[in-house]
Each structure stands twice: as structure tokens, then as C-alpha cells.
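For reference, positions follow the sequence shown, starting with 1.
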Amino acid sequence: MVAACAALAMGAALSGCGGGQAHADGRDSAAPALAGSEYLKVETVGAGSATAGAPLPGRVAFRPQAMTAVGSPVTARVVSVDVRPGEKVAAGAALLTLQSADAASAKASLAQARAQTALAEDALRRQDQMVAKGVGLEVERFQAQVAVREARAELERAQRAADLLGRGAGDRFVLRAPAAGVVLSLHANLGAVVAADGAALVEIGDPARVWVVADVPESEAAAIRAGSGARIHVPGAGAGADYAAKVDGLGPLVDGDLRRLPLYLTFADAPAPALTPGAMVEVRLDAVADAAPSVPVAAVLIKGGSQRLVYVQRGDGRFEARAVRTGASRGGRVTLLDGVRAGEKVVVEGALLLDSQAEQLL
């Protein structure tokens, strides 16, 4: 109680002598050095404190190249579902068997194209033999060559159409896994009719190809460099749940509401740890030399409803009010985007004693 009264008395004395007040024209005045400096705590501002060691929320996610979506190229009916969610599949494994009139038509077209190509090639061989014996006409051989080229082009087209549907007997065809992985989702029921609208019937992901996506405040993004180190911690997983990682890059778009960017991190050791995609993790970035400086939240005063100030200790021991522009706050600290340089000393406790007109702490 006595200490509190002494602190209030000191604040009143300072306000009486005009200490620490910022002029309306933007010029800062200086408060005298305090004999009772035990009520103030001063901290040297250091670069990198905005990001070094501070935890960032993150989540495990599949890398873009690790996701595969399989859909039907034609309208068809599901006659067999050969996998289930969570099942591991190899590349080329059967996923679904579908039935479609388009499949029967494609196979018929392929068989017809093969027959036409064989006939055209046989006719060309006969014309070559007749010309060689001197009883054939060049114009007829030329026509046979054109017929062969046309037949082969049609065969190639029919073969591509049939390959797109996949193998199968009659009007049925099989959708197969284009890559190995785990079945993430299945959107096909036995007997259902599926459309050729690009919708995924089966989604497959490779659990060995994951990374971590963290959310970084916009004000701290400029200090982060690709290739810098980080640590990934899985809360609640006990000892050994920390993994070395490195920054892969920053996303190009800022979230309009939260003012954050996605930060992508890859695991430093291969293979990647067996973490479940979607799991929440904590990310701690290594110290960044050119990160924006930060101070405890209590160091920042608000005046006039919007002006933000900190008190900087000068070389002669006096304190001057300094207007600052603040960024994101996290872990009890707030980033100073400008107004204070690394190495300067800032009052981090008791700043209200230097300015009786401050309305509140940030």
C-alpha cells in the first residue's frame, strides 16, 4: 500500500513538472531522470525478438504433389467399390469398377480402327509388290499410302480414348490408383451413377510427403528467410515430439481478417515423421537477425485514443516519449515497426509514472 501511494505521488510530481509529455506538433519532450528508479524497469531493445523462439500455430498438411484425385472420364454406374478410406494402395491398384455405354463404344471403335488399319496396310503391301513387278501404278500405291496414314491416325485416337477409360471387359472399366498412398476419402456408392464433371470419386494422399503450414503475422513476414531453421513441436505427444525443420517459403496472399500469411515448412530429416495430416502443431522459428524489435505489451502507452508511445532512456539518464507504430502482439510482447531502434533502452514497467495523461496500456 505504501509503495502504491509512493508510485502515485511520483506520477503526480512528474505530471506537475511536465515530464514525458509529447507536444501537439509531434516534438517529444524529455522527462527528468528519476531518483526513485526502482519503480521503473528498463529493457534494451534487441532485433529478432519478434520471431525468435515465439510459438506459431501450425498444422500438418499434405504437400500439393502428394494429393491425387481420381474421377470418372464418362458418365457411368458404380458396380464395384474395391477400396475403403484409410486403406494403403499401390500404384495401379483397382479403386472402382464402373459400367458405361461409352466404355463399350470406345472399345468397339478401337477394334474397328485396328481392323481398318490392318486392311489398309495389307493393301499397301500388295501395291508395293505390284509396282516392284512392273504391273502396278504409282497413283494406286500413293492412294494406298494415304489410306494407311488415315487408318493409323484413327487407331491412335481410338487407342487414347480406350486408355482414358482403362481396362475392363465389355461395357465395364476400372479406375486405378495413379500413385501409391492412403485412401483419404471415397465419394462413390455401389449402384450410384457418377458424372464426368471432374468431381473426385477417390482421393489418395502420400503420408510420407507432408509439410507444416503455420500462420505468420504480416508484420513479421519480412524478417523470415527461406531455408532458415525451425522446430516443430506436437503438443501432448510427450518426449521426442520435437522435429527439426526449415522454412520452405511464404504464401503470396494475406488473410484479409487476421492479417496473416501462410508459412510453409519442410522437415529437415528424411523420411518425414509419421504425423497425421490435419494435426495441430507449434512452430518455433530460429532467431532472425533482421526481425522487427519487440517490447513487452506494458511498455506501450496509448494517448488520445490512437497515439502509441514508449519511453526511451537517453544517454544522460532522462526519458523521452517516442511515437511508435505497433505490429502484431504475441506471448505478451508487441512488435515495433518503427520509432525505436535495436540497442535503445525502453521503459517496460512503470511507464505510466512518466506520463499522467496516458489513457491505458496497450
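Taken to the nearest 0.5 Å, the OH atom of Tyr243 stands 10.0 Å off from the NE2 atom of His233. The structure places NE2 of His187 at 11.0 Å from CG of Leu96, a figure rounded to the nearest 0.5 Å. Separation of atoms CG (Leu186) and CD (Glu203) is listed at 10.0 Å; rounding is to 0.5 Å. Here the straight-line distance linking atom CG of Asp128 with atom CZ of Arg141 works out to 5.0 Å at 0.5 Å rounding.
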* To do: Test side chain to side chain contact (heavy atoms under 4.5 Å, CB included) on Val202 and Leu175 and set out the steps.
  => CA-CA 9 Å; Val202 183; Leu175 292 183; over 6 Å; no
* Evaluation steps, side chain to side chain contact (heavy atoms under 4.5 Å, CB included), between Val146 and Arg149 -> CA-CA 5 Å; Val146 171; Arg149 286 196 293 267; 3.3 Å; yes
* To do: Check step by step if side chain to side chain contact (heavy atoms under 4.5 Å, CB included) holds for Glu43 and Glu349.
  => CA-CA 9 Å; Glu43 177 183 299; Glu349 288 185 11; over 6 Å; no
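Between Met67 and Leu184, the closest side-chain pair of non-hydrogen atoms falls below 4.5 Å. Side-chain contact between Leu301 and Leu352 is present, with at least one heavy-atom pair separated by less than 4.5 Å. Taking the side chain as every heavy atom from C-beta outward, Leu98 and Val79 never approach each other to under 4.5 Å. Looking at heavy atoms from C-beta onward, Asn189 lies out of side-chain contact with Val78 at the 4.5 angstrom threshold. Val346 is not listed as a side-chain neighbour of Arg322, based on a closest heavy-atom distance of 4.5 Å or more. Side-chain contact between Val45 and Arg341: absent, with no pair of heavy atoms (C-beta onward) separated by less than 4.5 Å. Within the 4.5 Å cutoff, the side chain of Leu95 has no heavy atoms near those of the Asp82 side chain. The side-chain heavy atoms of Leu275 and Arg59, taken from C-beta on, include no pair separated by under 4.5 Å.
The two atoms that bring Thr75 and Ser100 nearest to each other are O-OG, 2.9 Å, heavy atoms only. Heavy atoms only, all atoms of each residue included: Arg209 and Ala66 are closest at O-CB, 3.3 Å. Closest approach of Phe62 and Val210 over heavy atoms only: CD2-CG1, 4.0 Å. Between Ala245 and Leu265 the shortest heavy-atom distance is CB-CB, 4.5 Å. Closest non-hydrogen pair, Ala199 versus Asp197, comes out as N-OD1, 3.1 Å. Closest of all the heavy-atom pairs between Lys107 and Arg172 is NZ-O, 2.6 Å.
Residue-environment remark: CG (Leu190) exceeds the threshold of 12 foreign heavy atoms within 6.0 Å.
Residues passing the salt bridge (Lys or Arg N to Asp or Glu O under 4.0 Å) test with Arg157 are Glu154, sequence neighbours excluded.
When each of Asp215, Leu285, Val281, Val212 is checked for a side chain to side chain contact (heavy atoms under 4.5 Å, CB included) with Leu56, only Leu285 meets the rule.
One N or O on the side chain of Arg308 and one on the backbone of Ser306 form a donor-acceptor pair closer than 3.5 Å.
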Enumerate donor-acceptor pairs with a distance under 3.5 Å from any side-chain N or O in residues 115-124 to protein atoms, sequence neighbours excluded.
| residue | atom | partner | partner atom | Å |
| --- | --- | --- | --- | --- |
| Thr117 | OG1 | Ala113 | O | 2.8 |
| Thr117 | OG1 | Ala151 | O | 3.0 |
| Glu121 | OE2 | Arg152 | NE | 3.0 |
| Glu121 | OE2 | Arg152 | NH2 | 3.0 |
| Asp122 | OD1 | Arg125 | NH2 | 3.4 |
| Asp122 | OD2 | Arg126 | NH1 | 2.5 |

